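Worksheet: one structure, shown below.
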Amino acid sequence: MVFERHQIEKSQNHIENIVDYDAVLRANAFEKRSQQEAFDALRNAGVTAFAIYDRTLEKAKDAGQVKVLSSEEMDAVRVNGASVKHGATYVALISGKEGYYKEIREDLYHRIGKDKVKELNTSIGPVLELYGATADSYLKMNLGISKLQAQEVANRGFNVIVRPTNYRNVTSDDLQYVFKRLEGIPHVTGMIFAGKEALGAPNLTDETLELLHKNHIPLVGIEAVNQLQYEPQQGFLEMAAKDNYSVGRVYTIAKDELKKITPEEAAQRFYISDIERNIRFNLFPMYETGVNNETVLQTTINYIGMTTEKLSTKGYEFGPADIYPPYTPNPLLVVITMIGAIALFVYVAQMLVPMRKHTQLVAFFGISLVSVVLFIITSGTLITQIWALSSAIMAPVGAMIRLMEEWRRYDGARPLGAIKSTVLAVLYLVIAALFAAIGGMYIASLLGNTKFFMEFAIFRGVKLTFVLPIVLVIIAYLQRFPLWKGRMINSKEEAKKFVVEFLTMDVKFYVFFVMAALGGVAWVFVGRSGHTAGVPVPGFELMLRRFLENTLYARPREKEFIIGHPALMLATFAFLRKWPTVIHFLLTIAGVIGIASMVETFCHIRTPVFMSIMRGYDGLLIGALLGLLLIIAVRFMMYVTQWFQAREVDHE
């Protein structure tokens with residue numbers, strides 16, 4: 001199942017790079033180069049499509065397609081058979097732009113009705129008289145998609161991305177009007193709705209979807225600002241569901257945010273979005289001011305070019321974007337995997353709460369039967385999510401408990417040699433990681449479908465996958481090692497005694513400071529985990545992340561290779577060398593962070609599964625190297641300490 005998922009993800013390697021067409025024309029007006037030179041530069045930077053929005057009178061005026069005049073300005077114009085109305089707005093034809101004038105006239109008739117639009121015969125040619133609203137309202141009113149503009153984009157050799165706004169009290173005629181404008185336009189490769197509503201919402205989205213299919217135009221959703229799911233647009237989610245979630249996903253950066261970051265950082269964000277979040281449509285905003293003494297357009301071209309170059313090195317190609325097919329894995333294989341997750345749950349549960357073999361079998365078959373029935377009578381999403389969450393928790397816990405059992409094999413022996421202890425530290429880390437990988441494979445299989453790929457459904461309980469493994473490993477540790485007053489808490493009587501003693505023990509004042517520090521660590525640890533934005537990332541860590549992103553196939557997580565894996569190796573070394581139990585306990589708890597994080601990586605289903613595998617591998621490799629260095633450093637410090645102590649004894 002994981003291999004099949006990988007094949008589907010690997011084949012989705014075409015990306016559409018998009019820029020706002022009107023914005024390019026405005027920016028180029030302030031440059032010496034010609035329009036053709038500007039478009040050639042954009043093409044060389046990797047731009048494959050231009051977005052066209054509903055035209056407004058203001059845009060048409062700025063582009064020199066029509067003149068917009070006030071009633072005062074019209075006083076100087078001779079009008080045949082009529083008079084100028086005070087407060088009206090006038091739209092006049094520009095010679096050579098007759099096609100645009102006719103389109104705008106058609107748009108106005110459709111938008112506000114012929115009773116509010118009157119065509120006058122004047123000394124400057126035909127003029128449209130608009131009344132009933134202010135000039136500013138008319139200037140900013142959405143008119144419609146321009147077929148002429150779409151044809152311009154196609155004639156320049158680029159694809160067309162259409163961004164219509166919805167009509168008020170939308171009708172079937174409105175929808176037909178929009179799609180009629182697109183007839184005969186080649187290479188319309190996506191429709192991204194503008195505004196808070198999908199075209200046709202709330203009642204005619206089915207008709208919009210039918211027209212999209214008829215014209216072979218992909219439906220594309222806008223990724224939310226927090227990079228989780230989609231910006232709310234009424235009707236979009238319903239349309240996506242009826243399309244079996246086979247839609248595109250576009251990433252952009254808000255203009256206010258773009259002002260704050262360098263072109264290099266902007267390029268990096270687009271790059272990471274594409275390789276980690278199944279983004280296949282990049283909508284590049286224009287910089288409002290140039291950077292490094294370059295024009296606005298050249299600054300924009302530069303960061304688009306940087307993004308394209310980074311993506312090219314990963315094997316991506318550019319053009320009409322790939323759309324994920326409506327994929328769901330074989331239900332029988334899903335059921336078998338779910339039963340495997342149940343087996344994992346029972347296996348780890350009996351290591352925490354001892355059960356007889358008979359009880360284990362009854363629990364396994366009983367839970368399996370209920371789960372399979374629920375999977376059959378429901379859509380299967382909820383029950384598979386439950387067992388994916390169970391796997392994310394139980395796999396790292398099971399790995400750590402098995403590791404504890406291995407440690408106990410050496411419990412009564414004298415301290416092992418430093419070299420053997422170091423070799424076993426590496427070996428046990430790898431074994432724990434492989435055990436935990438079982439959970440990762442279960443998650444990748446159970447939730448590996450288009451609904452999760454495109455993030456219409458997300459893994460629930462990410463923060464639990466960090467907190468619960470630590471809690472359960474602490475319980476397992478207390479059951480197996482004499483940490484609490486030299487006793488192991490491995491029976492009901494010992495557990496009750498522990499609770500009473502713990503709650504009634506005397507507490508020194510400094511303990512409150514220790515607890516506050518631990519609380520701060522926990523806040524950072526949990527706040528930095530999961531789908532949503534939490535604790536901010538400091539600048540130096542961002543620099544490290546960018547270096548790793550650009551150096552390795554997949555950036556490993558710092559909590560794995562900096563904290564978890566080295567700590568787990570040192571925990572093994574500490575136990576085999578007979579260090580104090582409390583040190584071993586703290587290192588073990590730090591170690592579970594890395595193992596749990598490896599499994600949690602697979603909870604981000606939007607990330608290609610091969611990238612999640614490589615992220616875990618890279619983290620394991622670097623973590624093992626840092627763990628070796630940590631063990632060597634600790635040994636060196638111990639030797640130095642012993643040398644100084646020996647010198648002090650000799651001196652005395």
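No experiment lies behind these values; they were computed from the predicted model shown.
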Under 3.5 Å: donor-acceptor pair, side chain of Asn17, backbone of Gly46 | yes

Taking Ser273 for its side chain and Tyr251 for its backbone only, find out whether a donor-acceptor pair lies under 3.5 Å.
-> no

Does Asn44 use its side chain to pair, donor to acceptor, with the backbone of Asp40 at less than 3.5 Å?
-> yes

Look at the side chain of Glu98 and the backbone N and O of Gly96, then say whether any donor-acceptor pair between them is shorter than 3.5 Å.
-> yes

Selection residues 113-134 - residue pairs positive for ring-ring contact (aromatic ring centres under 6.0 Å, His included), sequence neighbours left out = none

Hey, is Arg5 close enough to Glu9 for a salt bridge, meaning N to O under 4.0 Å?
-> yes

Between Tyr90 and Glu129, does any side-chain donor sit less than 3.5 Å from a side-chain acceptor?
-> yes

Does Tyr553 OH have over 12 foreign heavy atoms under 6.0 Å away?
-> yes

Main-chain N/O of Ala201 paired with Thr205 side-chain donor or acceptor, under 3.5 Å | no

Determine which pairs satisfy salt bridge (Lys or Arg N to Asp or Glu O under 4.0 Å) with at least one residue from residues 183-199, sequence neighbours left out, and list them in order.
-> none

Nearest heavy-atom approach of Gly221 to Phe236 is CA-CZ, 3.3 Å

Is the closest side-chain donor-acceptor distance between Glu16 and Thr189 under 3.5 Å?
-> yes

Would you tell me whether Tyr324 and Asn278 have side-chain atoms, one donor and one acceptor, within less than 3.5 Å of each other?
-> yes

Pairing residues for Lys10 by the salt bridge (charged side-chain N to carboxylate O under 4.0 Å, His left out) criterion, not counting sequence neighbours = none

State whether the side chain of Thr307 and the backbone N or O of Phe270 hold a donor-acceptor pair below 3.5 Å, judged by distance alone.
-> no

Among Arg269, Arg615, Arg555, Lys314, whose salt bridge (Lys or Arg N to Asp or Glu O under 4.0 Å) with Glu276 holds?
-> Arg615

Heavy atoms only: give me the nearest Ala45-Ile301 pair and the separation to one decimal.
-> CB-O, 3.7 Å

Validation row, ring centre Tyr245 to ring centre Tyr327 under 6.0 Å | no

Considering non-hydrogen atoms only, spot the tightest contact between Leu148 and Gly99 and give its length.
-> CD1-C, 3.3 Å

Could you tell me whether Glu309 atom CD has more than 12 heavy atoms of other residues or ligands within 6.0 Å of it?
-> no

Closest non-hydrogen atom pair, Leu297 against Asn28 | CD2-ND2, 4.1 Å

Give a yes or no on this: more than 12 heavy atoms of other residues, nucleotides or ligands lie within 6.0 Å of atom NZ of Lys147.
-> yes

More than 12 heavy atoms of other residues, nucleotides or ligands under 6.0 Å from CG of Asp115: is that the case?
-> yes

Hey, are Gln65 and Tyr101 close enough side-chain-wise for a donor-acceptor pair under 3.5 Å?
-> no

For Asn80, does the CG atom sit with more than 12 other heavy atoms under 6.0 Å from it, leaving out its own atoms?
-> yes

Check: Thr252 side chain, Phe284 main-chain N or O, donor-acceptor pair, under 3.5 Å | no

Given the rule in the salt bridge (Lys or Arg N to Asp or Glu O under 4.0 Å) test, do Glu455 and Arg249 qualify, once you have shown the distances and angles that lead to the verdict?
-> CA-CA 10 Å; Glu455 243 184 358; Arg249 184 173 168 94; 2.6 Å; yes

Would you say Glu73's side chain and Ser70's backbone share a donor-acceptor pair under 3.5 angstrom?
-> yes

Could you tell me whether a side-chain N or O of Ser123 sits under 3.5 Å from a main-chain N or O of Arg78, the two making a donor and an acceptor?
-> yes

Ignoring hydrogens and angles, tell me if any N or O in the side chain of Arg163 forms a donor-acceptor pair with the backbone of Phe193 under 3.5 Å.
-> yes

Taking atom CD of Glu264 as the centre, report whether more than 12 heavy atoms of other residues, nucleotides or ligands fall under 6.0 Å from it.
-> yes

Quick check: are there more than 12 heavy atoms from other residues, nucleotides or ligands sitting under 6.0 Å from CG of Asn169?
-> no

Go through the side-chain N and O atoms of Tyr177 and Asp107 and say whether any donor and acceptor fall under 3.5 Å apart.
-> yes

If every non-hydrogen atom of Gln234 is compared with every non-hydrogen atom of Pro202, which pair is closest and at what distance?
-> NE2-CB, 3.4 Å

For the residue pair Ser137 and Thr134, confirm or rule out a side-chain donor-acceptor distance under 3.5 Å.
-> yes

For Glu294 and Asn302, test the side chains for any donor-to-acceptor distance below 3.5 angstrom and give the result as yes or no.
-> yes

Scan the side chains in residues 19-26 for donor-acceptor partners under 3.5 Å anywhere in the protein, sequence neighbours excluded, and list what turns up.
{"residue": "Asp20", "atom": "OD1", "partner": "Asp22", "partner atom": "N", "Å": "3.1"}
{"residue": "Tyr21", "atom": "OH", "partner": "Glu152", "partner atom": "OE1", "Å": "2.6"}
{"residue": "Tyr21", "atom": "OH", "partner": "Arg156", "partner atom": "NE", "Å": "3.3"}
{"residue": "Asp22", "atom": "OD1", "partner": "Gln149", "partner atom": "NE2", "Å": "2.8"}

Is it the case that His110 and Asp174 place a side-chain donor and acceptor less than 3.5 Å from each other?
-> yes

Residues at least two apart in sequence or cross-chain that pass salt bridge (charged side-chain N to carboxylate O under 4.0 Å, His left out) with Arg280, listed by chain then number, are none

Using a distance-only test with no angle check, is there a side-chain donor-acceptor pair under 3.5 angstrom linking Gln227 and Arg606?
-> no

Answer yes or no: does atom NE2 of His187 have more than 12 heavy-atom neighbours from other residues, nucleotides or ligands under 6.0 Å?
-> no

Which residues pass the salt bridge (charged side-chain N to carboxylate O under 4.0 Å, His left out) test with Glu317, sequence neighbours left out?
-> none

On a heavy-atom basis, the closest approach of Pro329 and Asn449 is CD-CB, 4.0 Å

Do the charged groups of Asp62 and Lys59 touch, with an N to O distance under 4.0 Å?
-> no

